[in-house]
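As structure tokens, the structure follows; a few thoughts come after it.
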There are 2 protein chains.
Amino acid sequence: MAERGLAAPAALASARAPQERSTRQKRAIAAVLGSSDAFRSAQDLYAELRARGEAVGLTTIYNQLHLLTRTGEVDALNTDDGETLYRRCTTEHHHHLVCRDCGRTVEVEGPQVERWAESVAATNGFVDVTHIIEIFGTCAECASPAAPQ
Amino acid sequence: MAERGLAAPAALASARAPQERSTRQKRAIAAVLGSSDAFRSAQDLYAELRARGEAVGLTTIYNQLHLLTRTGEVDALNTDDGETLYRRCTTEHHHHLVCRDCGRTVEVEGPQVERWAESVAATNGFVDVTHIIEIFGTCAECASPAAPQ
DNA sequence: GTCATTGCAAACGCTTTGCATCTGT
DNA sequence: ACAGATGCAAAGCGTTTGCAATGAC
């Protein structure tokens with residue numbers, strides 16, 4: 001989304017090769033992330049890696065997660081109790097429909113909404129746009145009289 | 001989350017009148033919440049109350065916010081940097097387009113989005129739906145090359 | 001040898017909890 | 001007076017940062 005006006009100086013110093021290195025830790029983290037497409041917390045990954053006998057420092061996990069998130073290989077979202085959850089990037093950006101009674105969450109998408117947000121922002125001269133959309137409601141289970149409390 | 005099994009002795013004690021009391025602090029908090037329909041963090045409210053000369057303890061603010069959230073008078077949502085934002089629950093609403101540099105805010109509406117939210121919720125069997133949409137970006141002024149630094 | 005990477009330990013920032021004091025009613 | 005309300009101080013928690021040691025190339 002960031003279509004900034006980078007006036008690329010572009011001399012010869014163009015490509016700064018990040019010089020990625022392959023390490024046991026990176027591989028271990030990638031392996032765990034790849035083994036499931038569910039959202040996991042950093043602490044969770046830490047525990048699992050440890051259980052697998054592939055101990056990796058928490059710091060390193062956060063490091064990797066940030067890196068992977070930045071490069072778009074991983075998606076991140078935050079829960080209501082302050083944790084950030086990660087999973088390897090499947091499709092793209094989506095939003096949540098949350099039951100305010102039981103907390104059940106459904107992931108939803110709306111290309112039209114994305115476009116609307118973009119266009120509203122553009123109309124007002126805004127650039128580099130992001131947005132937050134959360135839908136709250138009472139799910140069928142919780143709304144049905146059959147489910148007392 | 002554990003509001004579980006209170007083995008309510010339930011003689012006639014069914015309705016536990018919470019015996020709400022009116023205090024300066026509650027009124028001050030309600031006043032600030034009522035003065036704007038934007039999302040504010042607890043810390044933010046704390047600062048504003050303090051600025052207004054109506055100092056209220058942070059603990060009390062969290063207390064009230066939890067209470068108001070539970071009774072549905074306030075809506076809560078969490079940002080990506082681990083903060084929880086609150087705003088008084090309004091019936092009619094519009095959304096905000098906020099400049100992340102200068103803070104300028106534009107109120108926007110989108111009937112189509114309202115409908116989209118409704119329909120997504122309905123499709124999933126949810127009722128009594130509300131939603132939150134906030135758009136962030138950089139406004140023209142802040143993005144223009146004329147305003148370096 | 002160089003430089004990306006790792007990870008311990010400590011710092012952070014928001015939120016929650018313990019508990020003694022205060023205050024509407 | 002009594003039960004709800006308040007708020008200081010300190011603990012909790014996930015996350016981030018400082019920085020010296022490690023290891024890929």
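- To the nearest angstrom, P of C:dT21 lies 18 Å from CD of B:Q25.
- We find that CD of B:Q64 is positioned 16 Å from P of C:dT15, with the value rounded to whole Å.
- Within the 4.5 Å cutoff, side-chain heavy atoms of B:Y62 are placed close to those of B:Q43.
- Residues meeting the salt bridge (Lys or Arg N to Asp or Glu O under 4.0 Å) test with A:R24, sequence neighbours left out: A:E54.
- Minimum interatomic distance between A:S35 and A:R88 (heavy atoms only, all atoms of both residues): N-NH1, 4.4 Å.
- Place B:I61 and A:T84 on DNA chain D by their nearest nucleotides, and B:I61 ends up nearer the 5' end.
- In this structure, B:K26 places its NZ atom 6 Å from P of D:dT6, rounding to the nearest Å.
- Among the protein residues, A:E83 comes within range of the sugar-phosphate backbone only, with heavy atoms under 4.0 Å from sugar or phosphate atoms but none that close to a base.
- The distance from atom CG of B:L85 to atom C1' of C:dT15 is 14 Å, rounded to the nearest whole Å.
- Scanning for side chain to side chain donor-acceptor pair (under 3.5 Å) contacts around B:Q112 gives an empty result, with sequence neighbours left out.
- The number of heavy atoms from other shown groups lying within 6.0 Å of CZ (A:R50) does not exceed 12.
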Checklist line | Reading 5' to 3' through nucleotides 16-24 of chain D, protein heavy-atom contacts under 4.0 Å coded B for base, S for sugar-phosphate only, - for none | finding: BB-----BB

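- Here OG1 of A:T84 is found 15.0 Å from CZ of A:R40. Values are rounded to the nearest 0.5 Å.
- Going from atom CD1 of B:I29 over to atom P of D:dG7 covers 8 Å, rounded to whole Å.
- Residue B:D44 contributes atom CG, which lies 16 Å from atom P of C:dG13 at whole-angstrom precision.
- Remark: the B:E114 side chain and the B:H131 side chain contain an N/O donor-acceptor pair separated by less than 3.5 Å.
- Following rounding to the nearest Å, A:L49 (CG) and C:dG7 (P) show an atom-to-atom distance of 10 Å.
- Nearest nucleotide to the B:A42 side chain, out of D:dG7, C:dG7, C:dT15: C:dT15.
- If you take CD of A:Q43 and P of D:dT15, they are 6 Å apart, rounded to a whole angstrom.
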